[in-house]
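In each ligand, atom 1 is the first atom listed, and ligand 1 is the first ligand listed. All values reported here derive from a predicted model rather than from experimental measurement.
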Amino acid sequence: MNPRLRFSLVLFLSLALSPAPSLSWKEEEFRNCNQTPFCERARSRTPGSSRLIASKVSLSDGSLVASLVDRDDSSGNPLSLTLTSYQDGVLRLVVDEDPSFDPPRRRFRVPDVVLPEFESSKKLWLQRIAEERIGDDVELSVVVYLNEDYEAVLRRDPFEVFVRERSSKDRVLGLNSHGMFDFEQLRGKKEEGQEWEERFRGNTDSRPHGPQSISFDVSFYGADFVYGIPERAMSLALRPTRGPGIEFSEPYRLFNLDVFEYLHESPFGLYGSIPFMLSHGKGRGSVGFFWLNAAEMQIDVLGEGWDAYNDGKIVLPSSLKRIDTFWMSEAGIVDAFFFVGPGPKDVVRQYTSVTGLPAMPQFFATAYHQCRWNYRDEQDVAEVDAKFDEHDIPYDVLWLDIEHTDGKKYFTWDKVLFPTPAEMQRKLAAEGRHMVTIVDPHIKRDDRYYIHKEATRNGYYVKDASGKDYNGWCWPGSSSYLDMVNPEIRSWWGDKFSLQSYSGSTPSLYIWNDMNEPSVFNGPEVSMPRDAIHCGSVEHREVHNAYGYYFHMATSDGLLKRGDGQDRPFVLSRAMFAGSQRYGAVWTGDNTADWDHLRVSVPMLLTLGLTGMSFSGADVGGYFGNPDPKLLVRWYQLGAYYPFFRGHAHQDTKRREPWLFGERNTELMREAIRVRYSLLPYFYTLFREANTTGVPVLRPLWMEFPSDEVAFDKDDSFMVGNSLLVHGVFNEHAKHVSVYLPGKQSWFDLRTGTPYPGGTTQKLEVSESSIPAFQKAGTIVQRKDRFRRSTAQMVNDPYTLVIALNSSKEAEGELYVDDGKTFDFLSGGFIHRRFVYKEGTLSSYNVAPTASGNARFNTKCEIERIILLGPAGQPKNALVRPGNLKTEVEYGPLQLFGTGSSNVLTIRKPGVRISEDWTIQLS
Ligand SMILES: *[C@@H]1O[C@H](CO)[C@@H](O)[C@H](O)[C@H]1NC(C)=O
Ligand SMILES: *[C@@H]1O[C@H](CO)[C@@H](O)[C@H](O)[C@H]1NC(C)=O
């Protein structure tokens with residue numbers, strides 16, 4: 001046999017034998033740290049290698065300023081350092097090249113993320129410099145006031161910035177404590193013989209400005225764990241990446257990429273990057289560190305003993321337990337924020353005071369969404385819509401993926417498949433439902449396409465290194481990418497969403513931004529070349545991680561303009577950056593239909609919530625692959641508690657609408673979706689809490705129980721607000737699940753009302769009909785239990801209050817209601833009540849700043865049922881005031897999700913409105 005023939009035969013055989021296309025992550029498509037020169041250089045630095053000292057310290061414009069100079073070498077240019085205090089315990093450190101020494105170009109500072117009101121009104125103007133000697137320092141350190149409890153210190157030699165408690169002088173957070181700070185200054189022209197270009201898999205990065213990376217160490221004192229820096233598919237607590245006995249050898253990467261079939265346990269960065277890390281520890285509480293920088297970042301969490309080779313060069317106050325981390329970025333400047341906490345919710349509040357609070361969604365957007373790549377045509381849409389009704393399954397939004405367009409030209413419709421898009425949307429709207437279409441940032445290079453024509457004429461595309469419109473390959477084929485960094489282009493883009501411009505659109509249509517990392521099929525690492533050019537000569541490498549953020553912003557602003565600023569926008573985005581919470585929801589991208597991906601969705605969403613992105617979800621069912629019906633059911637049961645709840649599937653998967661798997665599975669999925677609908681009043685209240693405080697809807701256990709150490713590392717369960725604890729079932733054959741119930745108070749099973757003591761791990765039997773969920777004793781949760789087709793029909797429905805009493809026979813909860821649609825709530829158009837149960841009496845109080853019965857928003861909704869769980873005694877009557885109406889109370893099994901056997905007390909039809917003050921006294 002001739003060798004050639006044999007080769008092809010072997011190939012044929014192995015092809016025939018290989019199983020169905022296996023899911024695989026294309027590892028070699030992406031760079032690791034060793035293939036990334038700045039990362040490799042930075043990682044080789046050792047403690048004490050920084051020789052910078054702070055000199056010329058003075059006050060300027062209410063900030064502390066200094067020069068950073070090399071201790072041994074005065075030939076280089078100094079760096080400028082600025083330290084500013086802000087209200088609420090926020091310290092900002094900026095280090096950049098000193099402009100008075102004429103650097104070859106200005107380094108990129110990320111605009112449009114820090115809130116203007118933060119910069120303008122939260123700054124504390126420093127009046128004087130206090131100095132002190134630390135250890136045997138020759139130079140004095142400078143102390144800066146932060147708030148009553150905390151102060152910051154700039155140590156001069158070696159240069160270090162740290163925050164400490166004022167009373168104990170204990171450190172809480174420090175930068176360059178290990179002396180690993182490095183800042184590669186821009187150099188004028190290439191030095192002889194130096195290679196500035198970089199190559200990776202056939203792509204060349206011309207790197208015209210040479211190396212310009214920054215790296216430094218950050219230490220979290222009193223920390224048991226660190227969390228944050230999404231997005232990756234991994235545990236909630238960040239494991240060490242360097243040091244003895246480490247789990248991963250790669251640092252955590254922050255570089256927005258379209259990662260095909262991502263792994264479920266990997267430090268590799270996915271679609272979004274939020275360079276914000278929080279720590280938590282039993283003794284000390286929480287602190288946070290945020291580096292505002294949009295270039296590629298790599299972060300090491302250093303395991304105990306990582307600095308064994310330090311030779312005693314650096315000695316830190318030894319009594320303090322701490323976690324050290326090492327931060328590296330390819331470009332940009334140091335613009336870093338220290339948040340002092342001390343509680344987890346304080347850190348999140350401090351972070352969102354800088355980057356913005358999450359937007360308040362419309363009510364419909366908090367309900368269930370049905371998506372698929374693709375609902376084929378108008379008839380398919382009508383059938384899916386009708387089937388939901390036929391099977392009594394509520395849903396609110398139907399989604400259309402890329403195939404609805406004419407040749408992947410966004411803002412157009414396929415004329416054969418979707419001939420009457422406006423009518424299609426109006427039919428859905430008549431049932432109170434909405435539609436979402438996809439709009440991506442790659443623009444088809446088609447001379448007949450109006451977007452392409454205008455963008456070309458106006459010069460609105462990102463340019464390649466040679467100055468031509470960058471041309472890459474994406475869904476439409478040859479595509480160019482709008483330069484969303486430019487506000488003029490964003491404004492132009494926003495106008496494209498007007499009802500006149502977007503033909504076939506109606507006011508009930510909302511938008512989904514995908515592929516905005518940006519994804520470029522033939523680009524380096526499936527993205528845009530780093531040497532592409534944005535407006536103001538900004539290189540793509542400098543702004544990469546914020547590209548999707550700007551696209552999301554422009555789209556959201558477009559929807560705002562479309563409705564004359566009346567209606568709250570809804571835009572879902574895959575890519576994100578710090579601040580994306582202001583523009584809408586995000587999801588965890590293209591996950592896979594397997595149990596591991598179901599499991600990892602919990603830590604992924606918890607991490608997003610901690611870093612501001614409260615409105616987030618994972619594709620229910622898993623995007624790639626075909627879920628077994630058992631997995632699909634479990635996914636609906638878990639997804640019902642995701643802040644963003646959407647079923648979605650890849651084009652190559654089988655149809656999987658909830659009614660396709662037999663009667664019993666339909667029933668189980670219907671039940672799961674109904675649980676979400678009944679809890680919507682509670683969810684909406686939590687969305688408003690996130691909108692006013694930054695505290696996310698979904699919370700890790702330790703955020704609610706900060707001194708319960710067992711909870712610190714838990715990520716198979718989570719809190720929904722402060723009242724509900726949910727535990728997923730992540731195993732096909734699970735008969736039992738061990739659930740840790742934190743705190744000292746008890747917990748009531750949501751379905752049966754059975755109480756369990758807190759601070760215990762319960763091994764619970766699980767049936768197919770639900771996943772474990774509990775209400776915390778001492779809380780009140782609001783529901784709407786009448787089942788409707790969509791949220792529109794629920795508006796006037798009465799409420800159920802579920803009161804879970806604690807050992808002192810008390811409970812409280814809040815309810816927030818507004819019109820669910822407009823911005824009237826910003827000027828007082830809402831109802832905000834507190835319900836308190838104490839000494840046998842339930843009282844309703846107004847907690848809105850305006851009087852109840854608010855003219856801008858009111859509702860006649862009543863309470864139809866009050867359920868008491870726990871030690872209520874055996875009262876017979878309920879006396880309702882005002883009115884002095886007496887009603888009898890009932891005893892019986894729990895009604896809703898109704899399998900209950902324990903006897904609960906129910907008050908039926910007390911005849912009170914949720915918008916009014918009243919009391920109900922049990923006797
Ligand atoms: C709440 O969300 C709206 C947007 O929906 C935003 O304008 C507002 O600033 C957010 N925060 C507060 C405190 O209202
Ligand atoms: C019971 O709950 C109320 C309201 O949440 C709370 O104020 C009280 O401290 C709790 N009592 C105990 C013993 O935990």
- Hey, are the side chains of Met576 and Tyr549 touching, using non-hydrogen atoms and a 4.5 Å cut-off? no
- Query: Can you check whether Asn691 has an N/O within less than 3.5 Å of an N/O in ligand 1?
  - Reply: yes
- Partners meeting ring-ring contact (aromatic ring centres under 6.0 Å, His included) with Phe683 (sequence neighbours left out): none
- Query: Ignoring hydrogens and geometry, is there a side-chain-to-backbone donor-acceptor pair from Asp564 to Gln566 under 3.5 Å?
  - Reply: no
- Under 4.0 Å, heavy atoms only, figure out whether ligand 1 is touched by the backbone of Gln581, its side chain, both or neither. neither
- Query: With a cut-off of 4.0 Å, which atoms of ligand 1 are near a heavy atom of Phe823?
  - Reply: 4 (C), 5 (O)
- Query: Does the side chain of Leu750 reach to within under 4.5 Å of the side chain of Phe774, using non-hydrogen atoms?
  - Reply: no
- Look at ligand 1 and say whether Glu117 reaches it with a heavy atom at a distance under 4.0 Å. no
- Query: Under a 4.0 Å heavy-atom cut-off, what residues line ligand 2?
  - Reply: Gly778, Asn806, Ser807, Ser808, Glu810, Glu812
- Query: Got a sec: does the CD of Glu117 have more than 12 other heavy atoms crowding it under 6.0 Å?
  - Reply: yes
- Query: Side chains of Val436 and Phe570: closer than 4.5 Å at any heavy-atom pair?
  - Reply: yes
- Task: Heavy-atom contacts with Leu826 under 4.0 Å: which atoms of ligand 1 show up? List them by number with element.
- Result: 7 (O), 8 (C), 14 (O)
- For Arg688, take its heavy atoms, then give the atoms of ligand 1 lying under 4.0 Å from any of them. 14 (O)
- Phe276: what forms a ring-ring contact (aromatic ring centres under 6.0 Å, His included) with it, not counting sequence neighbours? Phe339, Tyr351
- Message: Checking Arg881 now: which residues fulfil salt bridge (Lys or Arg N to Asp or Glu O under 4.0 Å) with it, not counting sequence neighbours?
- Response: none
- Message: Contact between Tyr684 and Leu686 at the side-chain level, heavy atoms closer than 4.5 Å - yes or no?
- Response: no
- Looking only at distance, does Met360 have an N or O less than 3.5 Å from an N or O of ligand 1? yes
